[in-house]
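Remember, it's a predicted structure, so these values are computed and weren't measured experimentally. Below, chain A is the first sequence line, B the second, and so on; all start at residue 1.
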Protein chains: 2
Amino acid sequence: MDEAAGTMDMRGAETSRSRAGQENVERILDRALEIFATFGFRGTRIDQIASAAGLSKTNLLYYFRRKEDLYLAVLQRTLDMWLEPLQSLDAGGDPERAIEAYIRQKLSASRDAPAASRLFALEVIQGAPILGPVLETQLADLVDRKATTIQSWIDAGKIVAVSPRHLIYTIWSVTQHYADFAAQIRAIEGRDLSDPVFFEDTCRTVTQLVLRGILPR
Amino acid sequence: MDEAAGTMDMRGAETSRSRAGQENVERILDRALEIFATFGFRGTRIDQIASAAGLSKTNLLYYFRRKEDLYLAVLQRTLDMWLEPLQSLDAGGDPERAIEAYIRQKLSASRDAPAASRLFALEVIQGAPILGPVLETQLADLVDRKATTIQSWIDAGKIVAVSPRHLIYTIWSVTQHYADFAAQIRAIEGRDLSDPVFFEDTCRTVTQLVLRGILPR
DNA sequence: GCCAGTCTTGATCGAACGGTCAAGGGGCGG
DNA sequence: CCGCCCCTTGACCGTTCGATCAAGACTGGC
């Protein structure tokens, strides 16, 4: 598992599957995401996922022959969803609207798919043993492109001079924080993003903070 | 280990110890922090820590009879250091200086003790099974007090109206991001906070962003 | 130089875990 | 109603892991 798995594609034995089979696979992936996201790869037991999905360990291993296969499948399924929001950060419109929309999108993801956020957090905290190559290529390129977009806003005087990459990191960290550290926020506030009031409160405050930080006065 | 361990004190058998003994304990704790911080509690093997510390598994178990004892000891040793920076956020001086100092302090911690940051991140991501009670009492109180401080700045017109707690979360998330997600940043930037230039760059940008966000124009 | 208390080691145990195997159940098309 | 293929099961295997135990080595104080 310390191996980087190279290409990160895993078209693993796409055998034909009955409806029951497909439903099982999806249920396994759902539960596996949840459990991998809280215990990490090494920390989760395969039969833990199995019983959470309502089947035996052997039965699970019928669908995913190795633990690593399951982990990769989960990671794969989450990856695209994770990279997508940044794609839509477009140079076209005005930065205010674009960034406001991006923050809302990221916060929505933190509310609706907190496990996915935590899974990536775990991966990266562990040094990104699997996702490393993807980050160095796909993500790095994407960030470079978006940094250019932000730089163009700066050059046009639409926002103040600020390191584009740090701006991206800031938005990432703040928005994901509400998913990854939900337990901490729950301990302090007694609520999390699933509370509509708290969600709007968070969205407004973060947006205001960032926009005031970069908009010319 | 799913137990909350109640009081979080662990004056475990403070037996008398020779110099060699104390050195071993410290080396064990150092290595354990590093390894727990990347693999989590369930994910780390006890002999992994032992060999990293240069002794046998049995020998390590002489100092910490159970794996959980070691984990608690590591957590305990890191906790105070982690809560401390926020303490110094004082209402006395002007908010600009106070927050600037706080951000620098947190970023310094992320640079000098990234493993400690990651360990807490892992704990919280897992739902804070151990630290939960501490967060609900100690941390919640501390945050409440500091939120009052920030509110007093708002009332005095020194900073704009902003949810004090969200402001704290923002600063936490951004500064800790550079420790917890160092692998991701390294994949994109090719460097991290240990690079003095990058450190100052980060410090300046984050400070500027936050201060512009809350200072009256 | 002896002794008590501290440290270190290797052998070993039981449980947990990832994974295999062989056998049987069940549904769907012909 | 038959046979094929997908699914499900339980028994089992080898390894790993946390933890124990008994026995010996080292060290500092007297």
In whole Å, I'd like the distance from the [atom1] atom of [X] to the [atom2] atom of [N].
X       : N      : atom1 : atom2 : result
A:Arg27 : D:dC7  : CZ    : P     : 12 Å
B:Ile49 : D:dC17 : CD1   : C1'   : 13 Å
A:Glu26 : D:dC7  : CD    : P     : 13 Å
B:Leu55 : C:dG10 : CG    : C1'   : 15 Å
A:Asn59 : C:dG26 : CG    : P     : 14 Å

For [N] and [X] - does any side-chain N or O of the residue sit under 4.0 Å from the phosphate oxygens OP1/OP2?
X       : N     : answer
B:Ser56 : C:dT9 : yes
A:Asn24 : D:dT8 : yes
A:Tyr62 : D:dT8 : no
B:Tyr63 : C:dT6 : no

**OP:** Can you check each nucleotide of nucleotides 17-23 of chain C against protein heavy atoms at under 4.0 Å and return B for base, S for sugar-phosphate only, - for none, in 5' to 3' order?
**Re:** SBBBB--
Can you check nucleotides 25-27 of chain D for protein contacts, nitrogen or oxygen pairs under 3.5 Å, and list what you find?
none

**OP:** Calculate, to the nearest 0.5 Å, the distance between atoms CD1 and CG belonging to A:Ile49 and A:Leu70 respectively.
**Re:** 5.0 Å
Original post:
Can you tell me how far CG of B:Leu131 sits from CD of B:Glu136, rounded to the nearest 0.5 angstrom?
Top reply: 11.0 Å
